[in-house]
Structures are given as structure tokens and as C-alpha cells.
There are 2 protein chains.
Amino acid sequence: MEFSKEILKGILETLILYVISQGPKHGYLVARTIGKMTDGKIEIQDGTLYPILHRLEKKGLITGSWVETGQTRKRKEYTLTQQGKEMLKEQAGQWQTLSEILTQVVEEVL
Amino acid sequence: MEFSKEILKGILETLILYVISQGPKHGYLVARTIGKMTDGKIEIQDGTLYPILHRLEKKGLITGSWVETGQTRKRKEYTLTQQGKEMLKEQAGQWQTLSEILTQVVEEVL
DNA sequence: GTATTATGCATTGTATAGCTATGTATAGAA
DNA sequence: TTCTATACATAGCTATACAATGCATAATAC
């Protein structure tokens with residue numbers, strides 16, 4: 001993890017919703033996808049990943065179903081629900097505002 | 001507070017360092033300055049503000065000194081230290097990266 | 001032949017950040 | 001006279017991300 005521990009709080013949930021919105025994924029694949037799209041800057045740990053997935057499922061934002069692959073062990077594949085889609089849009093709106101604030105500071109400091 | 005509770009974790013410390021870097025400020029003024037620069041989107045609560053200031057002082061990133069104003073009650077005015085300046089630059093670098101990730105998602109979702 | 005890495009899910013305990021509520025204190029406006 | 005703004009501070013709560021640990025299998029490296 002390149003980022004400081006605390007900067008990511010509240011960010012990861014939305015990032016996970018986003019990658020699942022681009023197509024159903026099981027947990028392990030979610031983490032690897034985020035790793036790739038951030039050039040390894042965000043490598044979600046197991047102890048972070050699975051609790052978040054359970055949380056999102058409990059909130060009704062994603063639904064999980066066990067899939068037999070025959071090759072590896074069983075995977076739990078998650079899909080975004082309608083509620084999840086709405087939440088993602090709402091969060092993206094907040095990110096837009098947040099991003100503007102961050103950029104303003106970055107431009108003056110760097 | 002317009003933002004969801006968790007999205008700000010790890011953001012406020014840096015934002016506070018930033019406004020103090022633009023000129024020494026006492027706590028209350030720090031909060032109001034951030035309120036103005038974010039159009040009221042970030043209104044830091046007392047119970048959040050003062051613990052952060054104490055934390056930053058303990059870390060040596062800012063130094064505080066009591067100032068008698070004669071008008072209102074005593075103010076504790078904070079100034080950024082050299083260490084604070086370095087930390088701010090480091091954090092700004094992380095924000096740049098973070099901002100790029102947020103923007104990428106925002107553009108595809110909205 | 002054995003050890004390590006990658007895949008894949010899960011839980012327990014810990015540290016920490018921001019919030020609410022509360023307390024102290026004064027000045028000006030309604 | 002009551003409410004709002006100024007100004008600082010702390011105790012207790014909740015939630016998030018992390019490290020550590022455990023289970024289980026397949027492929028690759030040595």
C-alpha cells in the first residue's frame with residue numbers, strides 16, 4: 001500500500017463498487033483489478049477486502065453467489081444491485097467535489 | 001458536513017496543514033477558513049478540530065502559542081514548522097495520485 | 001522431491017479518525 | 001433576556017483499514 005493508512009478510509013468501498021459495476025467479480029479478482037488500475041498503488045489486503053464485501057452485501061449494494069469452477073476452489077461472485085448502482089453514482093458525485101478540493105491544494109503546494 | 005462521514009478520514013489533517021501554511025491561524029479561524037474555501041462543504045466540528053490540532057502539534061508539524069487579543073478570549077495561534085511543510089508536500093503528492101484515481105472513476109460513472 | 005508462490009475465502013484483535021455531546025467563558029445582536 | 005458567534009477542550013462512540021492467522025489447492029521454482 002503506497003498510500004498512508006488513513007487517506008483511504010471511505011475510499012475503498014466506492015472503488016470496490018466501481019470495479020464490480022464493470023462486470024461481476026469474485027473477491028480475489030476485485031483486489032487484483034484495483035491493483036492493476038492503480039498501478040499497484042492500492043493493494044487491498046485480505047483483512048480489508050472480505051469484510052468490505054460482506055458489508056456491501058449486507059447493505060444490499062452487491063449480491064454474491066458461489067460458483068464452482070472445477071479448477072480452483074469455489075469462488076463467491078459479486079454483482080452490483082440497482083441500489084448499488086445508485087450508491088455508486090452518489091459517491092461519484094462526492095468524489096467530484098472532493099477531487100476539486102484536493103486539486104486546488106495540490107496545485108498551490110506542489 | 002456535506003460529505004459522508006468516512007470519506008474525509010485522513011483528509012482533514014492535510015487540509016488543516018494547508019490553511020495554516022498560508023499564514024498562522026488559531027483553531028477557530030482554521031475551521032472557518034476551510035468552511036469558506038470549500039463553500040461550506042467541509043465544516044469541521046469542534047470535537048474534530050481541536051484533537052487534530054493537538055495531534056499535529058505533538059507530531060511537531062505545527063507549533064502553537066497563546067495570544068492575548070484583549071477583545072475576545074485567548075487564542076492559540078498555530079504556525080507550520082519546517083517538518084510540517086515537508087509533510088504537506090508529501091501529502092500533496094499522495095493527493096495528486098489519489099485525485100487521478102477518483103477522476104478516472106468519476107468520468108466513467110457520471 | 002520439496003518449498004514457495006498464487007489462488008481464494010474468512011475471522012480476530014488493534015489502532016485511529018471523526019462525530020456527538022458536554023463543559024467553560026465572553027460579547028454582541030435580536 | 002435569550003440566542004448566536006467567538007474560542008478552547010475533553011470523554012465516549014462508531015466505523016474503517018490493517019496485521020496476523022487459519023483453511024485449502026494448484027502451479028511453479030529450486
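These numbers were taken from a predicted model, which means no experiment stands behind them. Just so we're on the same page: letters track the sequence lines, and every chain starts at 1. When reading the values below, keep in mind they use all heavy atoms of this one structure, side chains included, and skip hydrogens, waters and symmetry mates.
- Of the side-chain N and O atoms in A:Arg32, none sit less than 4.0 angstrom from OP1 or OP2 of C:dA6.
- Shown here are the salt bridge (charged side-chain N to carboxylate O under 4.0 Å, His left out) partners of A:Lys89, two or more places apart in sequence or in another chain: there are none.
- Within the structure, side-chain hydrogen bond (donor to acceptor under 3.5 Å, both in side chains) pairs that include any residue of residues 100-110 of chain A comprise A:Thr103-B:Ser99, A:Glu108-B:Tyr18, A:Glu108-B:Gln22 (at least two apart or interchain).
- The residue B:Ile52 sits close only to the backbone: its heavy atoms come under 4.0 Å of sugar-phosphate atoms, none of a base.
- Between A:Ile7 atom CD1 and C:dA15 atom C1' there is a gap of 18 Å when expressed in whole angstrom units.
- Contact annotation: A:Arg55 reaches the phosphate of D:dT16 (side-chain N/O to OP1 or OP2, under 4.0 Å).
- Backbone-only engagement by A:Gly27 is indicated by non-hydrogen atom pairs under 4.0 Å involving sugar-phosphate atoms exclusively.
- Rounding to whole angstrom units, CG of residue B:Asp46 and P of C:dA17 are separated by 19 Å.
- Candidate nucleotides C:dA15, D:dC8, C:dC9 were compared by shortest atom distance to the side chain of B:Arg75, and D:dC8 ranks first.
- Atoms CG (A:Leu12) and P (C:dT16) sit 18 Å apart, rounded to a whole Å.
- Atom CG in B:Leu29 sits about 14 Å away from atom C1' in D:dA5, given to the nearest Å.
- A:Glu13 places no side-chain N or O within donor-acceptor distance of the main-chain N or O of A:Ile11, the cut-off being under 3.5 Å.
- Between A:Ile16 atom CD1 and C:dC9 atom P the separation is 12 Å, expressed in whole Å.
- Look at CD on A:Gln45: it is 16 Å from C1' on C:dA15, rounded to the nearest Å.
- Out of C:dG8, C:dG18, D:dA9, the shortest distance to the side chain of A:His26 is found at C:dG8.
- Between the C1' atom of D:dA17 and the CD1 atom of B:Ile11 lies a distance of 15 Å, rounded to the nearest Å.
- Between the side chain of A:Lys25 and the backbone N or O of A:Gly23, at least one donor-acceptor pair lies under 3.5 Å.
- Each of D:dC18, D:dA9, C:dT16 was ranked by its minimum atom distance to the side chain of A:Thr48; first place goes to D:dC18.
- One atom, OH of A:Tyr50, and another, P of C:dG13, lie 21 Å apart when rounded to the nearest Å.
- Comparing A:Leu53 and B:Gly10, the nucleotide of DNA chain C nearest to each residue sits closer to the 5' end for A:Leu53.
- Taking 4.0 angstrom as the limit, A:His54 places a side-chain polar atom (N or O) nearer than this to OP1 or OP2 of C:dT11.
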**Report entry** Test side chain to side chain contact (heavy atoms under 4.5 Å, CB included) applied to A:Thr14 and A:Leu88, step by step
**Finding:** CA-CA 6 Å; A:Thr14 302; A:Leu88 179 57; 4.0 Å; yes
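- In this structure, the nucleotide among D:dT16, C:dA10, D:dC8 sitting nearest to the side chain of A:Lys59 is D:dT16.
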